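Since we're looking at a predicted model, the values are computed, not measured. Counting from 1, the numbers follow the sequence of the chain as shown.
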Amino acid sequence: MSIFVSIPSYRDSECQHTIASLFEQAIYPELVFVGVLHQCDVVSEDSAKGNDETNEQCEDMDCFLIPYKYPHNVREKRIHWRNASGPCKARSIIQQELYNGEEYYLQIDSHMRFLKGWDVLLKKWHSQCRSPNPIITSYPVGYQQPNLIPTFINSAFLVAKGFDARDNMLRLEGKILAKEIEDSPLPSYFWVSGFAFSKADVIPNVPYNDNLEHLFFGEEMVMNCRLWTSGYDFFCAAHTVIYHLWDRSYRKTFRETFDEDKSAKEKESRERVWKILRGVSDEENCGIGQKYGLGKARTLEDYSLFCGVDFFNHKLTEKSKNGGLDPRRFLNPKKK
């Protein structure tokens with residue numbers, strides 16, 4: 001069965017290598033379809049191919065040096081980087097305009113590397129999850145440029161880190177598991193945006209809110225709550241299959257053009273998040289059970305009890321800090 005891979009890219013030269021890696025490392029690359037939103041200076045297809053007479057003026061040609069090995073399996077949309085409105089808007093565009101009915105959905109970032117057989121492994125693990133609506137998700141272990149990938153494959157398990165006083169949004173982190181290969185995916189309390197694999201029905205059931213402009217911290221908190229209350233359960237992969245480049249020094253981010261207007265929009269988006277969580281949003285489609293609101297399968301109060309996070313008082317229980325696992329199941333990161 002086919003997999004749709006969602007990739008938002010902001011002026012990222014690593015994106016082309018990410019797409020190359022996911023096809024090269026797949027067992028069935030013909031069943032993998034990519035939807036990539038390029039937010040860059042290069043807008044036209046001709047410019048990216050070097051056929052545009054304005055090509056010399058383009059700043060982001062280094063993002064398009066490698067041709068796609070499976071061009072018919074890659075769907076692109078390009079917008080100018082000055083019009084970028086953050087990850088929520090970008091992921092929404094991909095879902096709304098580039099998804100085309102594939103059975104599975106993999107959401108990642110634009111700077112990733114893949115382990116051989118990732119496509120088969122993720123489908124296998126998905127079938128092993130004891131839930132009618134499982135999502136395999138975690139912060140991936142890091143790699144270094146150009147392709148310095150760790151030799152160990154222990155998964156990073158999601159735990160709560162705390163609420164940042166600057167915006168009161170929940171922060172998560174990944175703790176490396178001591179066991180290299182788990183017998184099956186581990187139940188988890190949390191979900192993250194940079195690696196999430198599920199059936200593609202999650203796209204119409206819990207779609208990204210395209211009105212959360214310029215929101216970065218807060219994206220994962222609101223999606224955790226919306227997904228869990230809509231009946232989705234989270235799991236950690238049995239071992240690492242995807243690696244992430246955590247170093248941002250080589251690239252620009254969407255905040256390079258941040259000004260007072262965009263800062264105000266980010267603040268408005270954070271306020272929208274809290275109204276959605278409280279179930280008091282007066283915006284269209286944001287109420288409980290509506291398109292961009294919390295689900296009706298379970299309550300937010302139940303999720304708070306389940307994961308040990310008090311979203312409104314910004315408090316964590318001890319179990320949330322270890323994701324519900326015995327601390328002895330984690331590896332001391334200093335040993336790696």
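- For R113, the side-chain hydrogen bond (donor to acceptor under 3.5 Å, both in side chains) partners are E14, Y143, N147, not counting sequence neighbours.
- Side chain of S92 to backbone of C88: no donor-acceptor contact under 3.5 angstrom is found.
- For Y189, the ring pair (Phe, Tyr, Trp, His ring centres under 6.0 Å) criterion is met by F306, not counting sequence neighbours.
- The hydrophobic clustering, which links ILVMFWY residues whose side-chain heavy atoms are closer than 4.5 Å, places L148 and F114 apart.
- Using a 4.0 Å cut-off between charged nitrogen and carboxylate oxygen, E283 and K275 do not count as a salt-bridge pair.
- Counting heavy atoms of neighbouring residues, nucleotides and ligands inside a 6.0 Å radius, atom CD of E30 exceeds 12 of them.
- When all heavy atoms are compared, the tightest approach of I94 to P8 is CD1-N, 3.6 Å.
- Listed by first and then second residue, the ring-ring contact (aromatic ring centres under 6.0 Å, His included) pairs that reach into residues 14-36 are F23-Y70, sequence neighbours excluded.
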- [ ] For side chain to side chain contact (heavy atoms under 4.5 Å, CB included), just list the numbers for V141 and N154, CA-CA rounded to whole Å, side-chain angles, deciding distance to a tenth of an Å, and then say yes or no.
- [x] CA-CA 8 Å; V141 174; N154 310 53; over 6 Å; no
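- Checked against side-chain hydrogen bond (donor to acceptor under 3.5 Å, both in side chains), R11 has the following partners two or more places apart in sequence or in another chain: E59, D60, E256.
- Side-chain atoms of M221 and R270, non-hydrogen and from C-beta on, never get closer than 4.5 Å to each other.
- How far CE of M223 is from CD of E220: 10.0 Å, rounded to the nearest 0.5 Å.
- The side-chain contact (heavy atoms from CB on, under 4.5 Å) test with V273 is passed by exactly one of L215, D167, N168: L215.
- Identified under the salt bridge (Lys or Arg N to Asp or Glu O under 4.0 Å) test for residues 120-139, with sequence neighbours left out: none.
- By the 4.5 Å heavy-atom criterion applied to side chains, I108 and V5 are counted as neighbours.
- In terms of the side chain to side chain contact (heavy atoms under 4.5 Å, CB included) criterion, residue partners of N83 (sequence neighbours excluded) are, by chain and number, H80.
- Within the structure, the salt bridge (Lys or Arg N to Asp or Glu O under 4.0 Å) test picks out the following pairs touching residues 290-300 (sequence neighbours left out): D233-R298.
- Within the 4.5 Å cutoff, no side-chain heavy atoms of W228 are placed close to those of C307.
- Annotation: side chain of Y68 is not in contact with side chain of V34 (no heavy-atom distance under 4.5 Å).
- Look at E102 and R75 and you find a salt bridge, because one of the NZ, NE, NH1 or NH2 atoms lies within 4.0 Å of a carboxylate O, short of that distance.
- Under the rule for a side-chain hydrogen bond (donor to acceptor under 3.5 Å, both in side chains), the partners of D247 that lie at least two apart in sequence or sit in another chain are S249.
- Remark: side-chain polar atoms of R226 are not paired, donor with acceptor, to backbone N or O of Y208 under 3.5 angstrom.
- One distance of note links CZ of R82 with CG of D41; it measures 8.5 Å at 0.5 Å rounding.
- Within the 4.5 Å cutoff, side-chain heavy atoms of R329 are placed close to those of L186.
- Between H126 and Y104, the angle of the ring planes goes over 60°, which puts this pair in the perpendicular group of the 30/60° scheme.
- Of the inter-residue distances, the one linking F157 atom CZ with Y139 atom OH reads 14.0 Å to the nearest 0.5 angstrom.
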Under 3.5 Å, which donor-acceptor pairs do the side chains of residues 172-180 form with other protein atoms, sequence neighbours left out?
residue	atom	partner	partner atom	Å
K175	NZ	K321	O	3.3
K175	NZ	N322	OD1	3.0

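- Side-chain contact annotation: Y303 with N224, donor-acceptor N/O pair under 3.5 Å present.
- With sequence neighbours excluded, the residues satisfying side-chain hydrogen bond (donor to acceptor under 3.5 Å, both in side chains) with D302 are T299.
- To the nearest 0.5 Å, atom OG of residue S198 and atom CG of residue N133 are 9.0 Å apart.
- In this structure, CD1 on I93 lies 5.0 Å from CD1 on I79, to the nearest 0.5 angstrom.
- Remark: the backbone N or O of S110 is paired with a side-chain donor or acceptor of T18 at under 3.5 angstrom.
- Note that NE2 of H111 is 11.0 Å distant from OG of S13, once rounded to the nearest 0.5 Å.
- Under the rule for a side chain to side chain contact (heavy atoms under 4.5 Å, CB included), the partners of N205 that lie at least two apart in sequence or sit in another chain are D201, Y232.
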Open item on the list: Apply side chain to side chain contact (heavy atoms under 4.5 Å, CB included) to residues Y250 and Q145 and explain how you reach the verdict.
Closed with: CA-CA 10 Å; Y250 75 96; Q145 291 175 303; 3.7 Å; yes
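- Remark: the backbone N or O of V192 is paired with a side-chain donor or acceptor of T137 at under 3.5 angstrom.
- Considering every non-hydrogen atom in both D119 and A26, the closest pair reads OD1-CA, 3.5 Å.
- Counting only residues at least two apart or in different chains, ring-ring contact (aromatic ring centres under 6.0 Å, His included) contacts with residues 254-294 comprise H214-F258, W274-H314.
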